[in-house]
Chemist: 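Input: one structure, supplied below.
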Amino acid sequence: MAPTPRVDIDRPKYDQSTYLGRVKHFILVTNPLNVFASNAELERARQIVIKYRAGKEVPEAKSLEDIWKAKYLYDSAFHPETGEKQLIVGRMSAQMPMNMLITGCMMTFYKTTPAVVFWQWFNQTFNAIVNYTNRSGTSPISQSQLLTSYCLATSGALGTALTLNRAVRNMNPLIGRLVPLVAVAAANCINIPCMRMQELRNGVSLLDEKNNEVGISKKAAFVGISAVVVSRIAMAMPGMTLTPLLMDKLEKRGFLKRYPRANAPIQTLFCGFVLLFATPLGCAFFSQRAAIKVDSLEEEVRDSIKKKRPELETVWYNKGL
C-alpha cells in the first residue's frame with residue numbers, strides 16, 4: 001500500500017484567507033453529526049492523529065481524506081492544547097442542536113416572567129459550559145472569572161429581556177418575539193469580554209508571518225474580542241429574526257389557533273434548520289488568525305516593532321472563537 005501523503009494537519013484543510021474557505025472549515029468543525037460519534041470512534045480518530053503527527057505510517061487511513069476526517073473528528077471532541085476529552089454539551093459540534101433547543105424555547109416561551117427567567121438562565125449556563133470546555137490550556141479561566149462572567153451575563157440578559165417585555169407589551173406581537181434576540185446580544189456583549197478580561201488587561205501576542213512573537217497588544221485584544229462578539233450575534237440573528245417572521249405569518253393566517261401544540265416544535269425545528277447554516281457562516285465572518293496593521297497599534301507597541309522590525313507592515317494574532 002502506498003504511504004499516506006504528508007500535510008500539516010494542524011492547519012485548517014481550506015484556505016483561511018477567503019470567506020468561502022473559512023465557511024468550509026467551520027462546516028466541518030461544527031458538524032452536529034460528530035456528537036453521535038462513539039468513544040471507540042473518537043479513540044480511533046485520536047490514534048490516527050497521534051501517529052500521523054509523529055510521522056508514522058497509519059494503516060487505518062487509506063487516503064489523505066481519511067486523515068482529514070479523523071483530524072476534524074478528533075478536534076470536535078478533544079481539547080486542542082491539553083488533549084483532554086471535552087464535555088459533550090460544550091463541544092463545537094453540539095452548538096447547533098443545543099442552540100436549536102434553547103433558541104426555540106426562548107422564542108416560544110417569551111411572554112411569561114418565569115419562562116423568560118428560566119430560559120435566559122439556561123442559555124447563560126450553557127454558554128458558561130461552552131466557555132469552560134473551550135478554555136485556554138495555557139491561560140485557563142479561573143473559577144472566580146467564570147462565576148463573575150456567568151452572573152453578569154445572566155443578570156444582563158434577564159434585565160434586558162424583562163425590561164423590554166414590559167416596554168413592548170402593547171406593541172405589535174412581532175416586536176415582542178424579537179426581544180430574546182436583544183437579550184442574547186446584550187449577554188454576549190457582557191459575557192465574552194468578561195471571559196477574556198486577562199487579554200484586555202495584558203494584551204495578546206503579535207506574530208510575524210513565520211509565527212515569531214514581535215510584541216503584545218491590548219488594542220489587538222480589543223479588536224479581536226469585538227469581532228468575536230459580532231460573530232456570536234451574527235450566528236444567533238438569522239434564527240432569531242426569521243423564526244419570529246415565520247411564526248407571525250402563521251399566527252395571522254390562523255394556523256397556530258388551529259394547531260396550538262405545533263408552536264414550539266415548529267419554532268425549534270426551524271431554528272435548527274437556520275442554525276445549521278448560520279453557525280459556520282457566522283464563525284467564518286473573521287479569520288481566526290487575524291491581521292492588524294502595525295501603524296494602527298498603540299504608540300509604544302508600534303514604535304517597539306518598527307525599531308526591531310522596520311520592514312513589518314502587518315502582524316497577526318489569534319482572535320479566538
Side-chain angles (χ1 to χ4, degrees), residues 12 16-19 21-23 25-30 75-76 79-81 86 90-96 98-99 102-103 123-124 126-142 145-146 148-150 152-154 156-157 160 181-207 216-240 275 277-293 296-297 315-321:
Q16 297 298 283
S17 65
T18 68
Y19 180 68
R22 295 194 296 273
V23 169
H25 168 68
F26 282 110
I27 285 173
L28 296 177
V29 169
T30 62
D75 285 349
S76 76
H79 193 282
E81 291 169 318
Q86 297 174 316
R91 298 173 190 172
M92 286 304 292
S93 52
Q95 289 294 296
M96 191 282 279
M98 287 299 298
N99 280 319
I102 294 168
T103 307
N123 185 39
Q124 294 313 316
F126 170 66
N127 286 339
I129 292 171
V130 171
N131 288 325
Y132 176 78
T133 302
N134 296 283
R135 67 198 182 280
S136 169
T138 53
S139 303
I141 302 167
S142 67
Q145 188 179 357
L146 188 67
T148 300
S149 172
Y150 173 65
L152 287 173
T154 304
T160 303
L181 171 62
V182 182
V184 166
N188 276 321
C189 292
I190 298 167
N191 191 10
I192 296 167
C194 283
M195 294 300 289
R196 298 175 63 178
M197 187 58 68
Q198 292 300 108
E199 294 174 41
L200 291 170
R201 287 175 178 165
N202 304 323
V204 292
S205 294
L206 301 173
L207 309 171
I216 295 176
S217 170
K218 295 179 184 177
K219 182 173 182 180
F222 175 79
V223 172
I225 290 168
S226 300
V228 171
V229 171
V230 171
S231 286
R232 295 280 186 93
I233 294 173
M235 285 163 58
M237 191 174 290
M240 300 186 85
L275 283 166
F277 301 97
T279 301
L281 290 172
C283 284
F285 268 13
F286 305 98
S287 178
Q288 191 166 349
R289 189 176 189 265
I292 188 169
K293 293 290 185 184
S296 67
L297 296 168
V315 289
W316 291 264
Y317 62 96
N318 181 15
K319 171 187 68 67
L321 287 175

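Residue numbers count from 1 along this sequence.
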Chemist: So how far is it from Ile190 CD1 to Thr160 OG1, rounded to the nearest 0.5 Å?
Modeler: 6.5 Å
Chemist: Any side-chain heavy atom of Ser296 within less than 4.5 Å of one from Lys219?
Modeler: yes
Chemist: Under 4.5 Å between any side-chain heavy atoms of Ile292 and Leu297, yes or no?
Modeler: yes
Chemist: Just wondering, do Ser287 and Arg22 contact through their side chains at under 4.5 Å, heavy atoms?
Modeler: yes
Chemist: Please report the shortest heavy-atom distance between Thr30 and Pro280, naming the atom on each side.
Modeler: OG1-CD, 4.0 Å
Chemist: Okay, side chain of Arg289, backbone of Trp316: is any donor-acceptor separation there less than 3.5 Å?
Modeler: no
Chemist: Ser231 and Phe286: which non-hydrogen atoms are nearest, and at how many Å?
Modeler: OG-CD1, 3.3 Å
Chemist: Side-chain contact test, heavy atoms from C-beta onward, threshold under 4.5 Å: evaluate it for Phe126 versus Gln95 and give yes or no.
Modeler: yes
Chemist: Identify the heavy atoms of Ala220 and Leu206 that sit nearest to each other, and give their distance.
Modeler: CB-CD2, 3.9 Å
Chemist: Rounded to the nearest 0.5 Å, what's the gap from CG on Asp75 to CZ on Arg91? Could you check?
Modeler: 12.0 Å
Chemist: Find the distance between OG1 (Thr18) and NE2 (His25) and round it off to the nearest 0.5 Å.
Modeler: 12.0 Å
Chemist: Val29 versus Pro12: any side-chain heavy-atom pair under 4.5 Å?
Modeler: no
Chemist: Please find the pair of heavy atoms, one from Phe285 and one from Ala234, that lie closest to each other, and give the distance.
Modeler: CE2-CB, 3.4 Å
Chemist: What's the spacing between Arg232 CZ and Cys283 SG if we round to 0.5 Å?
Modeler: 8.0 Å
Chemist: Just how far is it from atom CD of Gln86 to atom CD1 of Ile129, taken to the nearest 0.5 Å?
Modeler: 13.0 Å
Chemist: Using side chain to side chain donor-acceptor pair (under 3.5 Å) as the criterion, list what pairs up with Thr279, not counting sequence neighbours.
Modeler: none
Chemist: Side-chain contact, heavy-atom cut-off 4.5 Å: Met240 with Thr103?
Modeler: yes
Chemist: Is it the case that the side chain of Tyr19 and the backbone of Leu281 share a donor-acceptor pair, with hydrogens and angles ignored and the cut-off at 3.5 Å?
Modeler: yes
Chemist: Report the C-alpha distance between Ile233 and Cys189 in whole Å, list the side-chain angles of each, state the deciding distance to 0.1 Å, and finish with yes or no for side-chain contact (heavy atoms from CB on, under 4.5 Å).
Modeler: CA-CA 9 Å; Ile233 294 173; Cys189 292; 4.2 Å; yes
Chemist: Could you grab the distance from atom CG of Leu200 to atom NZ of Lys218, nearest 0.5 Å is fine?
Modeler: 9.5 Å
